[in-house]
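Since this is a predicted model, take the numbers as computed values, not measurements. In this chain, numbering begins with 1 at the start of the sequence shown.
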Amino acid sequence: MIQDMKKLTFLVTASEYEQFIADIRELGVIHVDELQQGATSDELQAGLDLAARYKEALKALDFAVDSYESDATYTPQPADASKGLALIDTVERLLQEENSVKHGIDATDDAIRQLEPFGEFSWKSIHQLEKSGYKPYFYAVNNKMYKAEWGEKYFATPINEINKKTYFVAFSNEDTEPEITAERLFLPEESLSVYQEKRKVLSEQLASIHEQMLQVNAVDRASIEAGQIANENDIQLSKVHLSNENLVEGAVKLMIGWTLKENADRVVDYLEKQHIYYELENPAFDDNVPIQIKNDKFSSLFEPILRMYSLPNYHDIDPLPFFAPFFMLFFGLCMGDMGYGLLILAASIAIIFTKPNLAKYGKLGALLGGMTCICGFITGTFFGIDLATVDWEFIKPMQPYFINDSMKESFFGYSPMMVISVIIGLIQVLLGMTLAGCKAVKNYGFIYGVGKFSWVVALLSATLLFGFPLFGVEWSQPVQYVFYALIALSAFGIFFLNNPNAYKKDSALGKALGVGSNFGGGIWATYGMSTGLLGDLLSYIRLFALGLTGGVLGSVFNQLAMEMSPDVPVVHELVMIIILLFGHGINFGLCMISSFVHPMRLTFVEYFKNADFEGNGKEYKPFKIMHNS
């Protein structure tokens, strides 16, 4: 639900300004509008740059904790924000040293790879040969391409054979390079043992850097986070300083803010006590009002999905409580496998109990996994196994109730899940149209929602009147008359109340033109509905198609595992397990992607379009002192 807001306009004298800013920051309930859009300052830019450094430093420490291990025990120090800048300097220095050492290790490893085929030898002896007139040349060639005549002509001596390649050295007592058709190698100017020792030293340096990173994280992470919070507070203050307009040559400052309706009394009490001039009013229709949404625990779990599209604007109806159940259902239908649902459920529960900071996402995953289990049970699919066809005693009593193609006759020869997907789509589209009508009533008045509600009544009545008899439901004659009457009444709303503004003209001609305008708009809307509604409903068939595809792929991998495993004890089971893990791993990954993407597509396109959802809301961010949680 979108929380009600109140608009505040302040006029503050220059002498009162600093204290006023400190006071409203202490209150922590006023969102300050940016009156100087795009304005910046040196302080703000420095704060933003520092924020990026804090973020990267903490990211590096998180990576160190996840990637490296330490046997040392460190005592955490109390948070001290004043140490934050020095600590991120330390982290950045360690990262630079780490990068330098890693480059050194890469270069050393490359040198070792070049020298290893030739083993340990003394470059001093090589150089003595050069002084005697024999210049060495190092080569590598395919074993079959090596020619014995090179030994006679150039003293070529094979040193090693690795991966079907012969590594050899040849000598020439002339200034020209030997005529040998092989890859010439230019070896590093140190012996293998020198580089191996250098590699050892660099590895020890890298381990020391990693240990220092872990020490900083264990001892001083709280101080870095405190410094980050302090910097965020400074950034917020800098933005507020840029969020006013100077009046009367800077003697008075104009500021505009927003607060939740429930907090308005607190703000007014403060303003009255401090004798600050203010105006408190409801938002004007054209105001860009900040948004705060508040929903129940279930709907709130789906908020990250809504934010991927946009927050609602102040004139929208919060779509979250209405699309959350549908998104969960769509995900379950797209996955469509009880076994995969159990995996998601188990992983999500593990996240809830082992990763407290990700518990919210774990709960969302548990809901999606649970719905996948339910949908997989309804369709009778378990890791690609069609439970309707297995000869398992404990499953047999449930087999007649699985929704599968054995029920085609009851669904006009179509797959039951395809028909059910379209029906679910119709329900969501009708819900969207209803919300569009509610939005019109909320923003303009009841008469402006009549045209939208009329479409809902007409479509629902037509569905009941003509659709239900196809499933064996017989309506009595009076009930049919009621449906016809509702359709006729809806037609009046569709053709004559789709644009109430057209009737606002006082003259008879203007009103007549209003009737014509509405009637024409009704014809156009009918054309759009007849073509657009069909396309929208057909889009929901993807719920059936994706669930079917995942089940078929799972079944194919099961069959491959059975048929491609050799009939050898132990080997048979081992190969079968490998194929099953590989196949179902791929299928699970593909299903996860499609089960997120396509429900989002149905929500963001079909549902939001019919619900007249505009979005582009800006988040309510009250000016307050942030604290390290």
Side-chain angles (χ1 to χ4, degrees), residues 1-2 293 295-296 298-303 305-306 308-313 315-334 367-368 371 374-375 417-444 446 448-468 483 486-487 489-490 493-494 498 525-526 528-544 598-615 617:
M1 183 174 68
I2 298 173
I293 53 178
N295 288 297
D296 57 78
F298 168 75
S299 300
S300 297
L301 294 175
F302 293 82
E303 190 173 319
I305 297 171
L306 174 63
M308 293 176 69
Y309 183 84
S310 168
L311 283 173
N313 65 47
H315 303 298
D316 281 324
I317 289 179
D318 183 9
L320 201 53
F322 303 100
F323 89 71
F326 281 99
F327 188 92
M328 185 172 67
L329 176 60
F330 294 167
F331 183 93
L333 290 172
C334 289
L367 288 175
L368 299 178
M371 181 54 70
I374 293 172
C375 292
M417 288 308 300
M418 183 177 75
V419 177
I420 290 171
S421 296
V422 174
I423 292 172
I424 292 171
L426 177 61
I427 293 171
Q428 190 182 42
V429 167
L430 290 175
L431 174 62
M433 292 180 180
T434 303
L435 292 179
C438 293
K439 176 181 176 180
V441 171
K442 169 191 170 185
N443 293 323
Y444 307 105
F446 178 77
Y448 289 86
V450 171
K452 299 181 184 296
F453 291 139
S454 296
W455 274 112
V456 177
V457 174
L459 292 171
L460 190 58
S461 299
T463 301
L464 293 172
L465 179 60
F466 302 112
F468 272 47
F483 286 141
L486 288 173
I487 293 173
L489 188 62
S490 300
I494 291 168
N498 58 76
T526 302
M529 185 64 67
S530 61
T531 55
L533 180 63
L534 178 63
D536 289 346
L537 295 183
L538 291 177
S539 292
Y540 286 85
I541 293 178
R542 70 186 67 221
L543 300 174
F544 152 74
H598 291 282
M600 282 195 290
R601 194 263 183 199
L602 291 172
T603 300
F604 296 164
V605 179
E606 278 73 23
Y607 176 60
F608 281 178
K609 177 187 71 175
N610 286 286
D612 195 21
F613 178 76
E614 297 177 26

Quiz item: Within a strict 4.5 Å, meaning less than it, do heavy atoms of the Leu602 and Tyr607 side chains meet?
Solution: no

Practice problem: Mind listing the closest non-hydrogen atom pair of Lys442 and Asp316 along with its distance? | Solution: NZ-O, 2.9 Å

Quiz prompt | Nearest-0.5 Å distance, CG of residue Leu430 to CG of residue Leu460 | solution = 6.0 Å

Quiz item: Between Phe613 and Ser310, what is the shortest heavy-atom contact and its length?
Solution: CZ-O, 3.9 Å

Quiz item: Do side-chain atoms of Ser530 reach the backbone of Thr526 as a donor and acceptor pair under 3.5 angstrom?
Solution: yes

Quiz prompt | Distance-minimising heavy-atom pair for Phe322 and Ile317 | solution = CE1-CG2, 4.1 Å

Quiz item: Is there a side-chain contact between Ser461 and Ser490 (heavy atoms, below 4.5 Å)?
Solution: no

Self-check item: Separation of Leu306 CG from Leu320 CG (nearest 0.5 Å)
Solution: 5.5 Å

Practice problem: Would you give the length of the straight line joining atom OG1 of Thr463 to atom CG of Leu465, rounded to the nearest 0.5 angstrom? | Solution: 9.5 Å

Quiz item: Looking only at heavy atoms, which two atoms of Val456 and Met433 are closest? And how far apart?
Solution: CG2-CB, 3.5 Å

Quiz prompt | Chi angles and distances behind the side-chain contact (heavy atoms from CB on, under 4.5 Å) call for Phe331, Met371 | solution = CA-CA 8 Å; Phe331 183 93; Met371 181 54 70; over 6 Å; no

Quiz item: Could you walk me through whether Tyr540 and Glu606 pass the side chain to side chain donor-acceptor pair (under 3.5 Å) check?
Solution: CA-CA 9 Å; Tyr540 286 85; Glu606 278 73 23; 5.5 Å; no

Quiz item: Among all residues two or more places apart in sequence or in another chain, which pass the salt bridge (charged side-chain N to carboxylate O under 4.0 Å, His left out) test with Asp536?
Solution: Lys609

Self-check item: Matching residue for Val450 among Phe453, Phe446, Tyr448 - test: side chain to side chain contact (heavy atoms under 4.5 Å, CB included)
Solution: Phe446

Quiz item: From Phe544 CZ over to Met418 CE, what is the distance, rounded to the nearest 0.5 angstrom?
Solution: 6.0 Å

Quiz item: Can you tell me how far the NE2 atom of His598 sits from the CZ atom of Arg542, to the nearest 0.5 Å?
Solution: 6.0 Å

Practice problem: Evaluate side-chain contact (heavy atoms from CB on, under 4.5 Å) for Glu614 paired with His315, printing each intermediate quantity in order. | Solution: CA-CA 9 Å; Glu614 297 177 26; His315 303 298; 6.0 Å; no

Practice problem: Could you tell me how the ring of Phe608 sits relative to the ring of Phe323: parallel (under 30°), tilted (30 to 60°) or perpendicular (over 60°)? | Solution: perpendicular

Self-check item: Closest non-hydrogen atom pair between Asn313 and Gly615, with its separation
Solution: ND2-O, 3.2 Å

Quiz item: Do the side chains of Leu426 and Leu459 get nearer than 4.5 Å, heavy atoms only?
Solution: no

Quiz item: With a 4.5 Å limit on heavy-atom distance, are the side chains of Ile293 and Leu311 in contact?
Solution: yes

Practice problem: Output yes when a side-chain donor or acceptor of Ser299 lies under 3.5 Å from a complementary backbone atom of Asp296, and no otherwise. | Solution: no

Exercise. Look at the side chain of Asp318 and the backbone N and O of Met1, then say whether any donor-acceptor pair between them is shorter than 3.5 Å.
Key: yes

Self-check item: Phe302 side chain near Thr603 side chain, heavy-atom distance below 4.5 Å
Solution: no

Quiz item: Tell me, do Ser421 and Ile541 make a side-chain contact under 4.5 Å, heavy atoms counted?
Solution: no

Self-check item: Heavy-atom pair of closest approach, residues Val441 and Gly449
Solution: CG2-CA, 3.9 Å

Quiz prompt | Passing candidate, side chain to side chain contact (heavy atoms under 4.5 Å, CB included) with Leu543, options Leu329, Ile420, Val422, Leu333 | solution = Leu333

Exercise. Look at the aromatic rings of Phe330 and Phe326 and report parallel, tilted or perpendicular, splitting at 30° and 60°.
Key: tilted

Quiz item: Under 3.5 Å, side chain of Lys439 to main-chain N/O of Asp612, donor-acceptor pair present?
Solution: yes

Exercise. Output the distance between atom OG (Ser454) and atom CG (Asn498), rounded to the nearest 0.5 Å.
Key: 9.5 Å

Quiz item: Hey, mind stepping through Leu431 and Ile427 against side-chain contact (heavy atoms from CB on, under 4.5 Å) and telling me if it holds?
Solution: CA-CA 6 Å; Leu431 174 62; Ile427 293 171; 5.6 Å; no

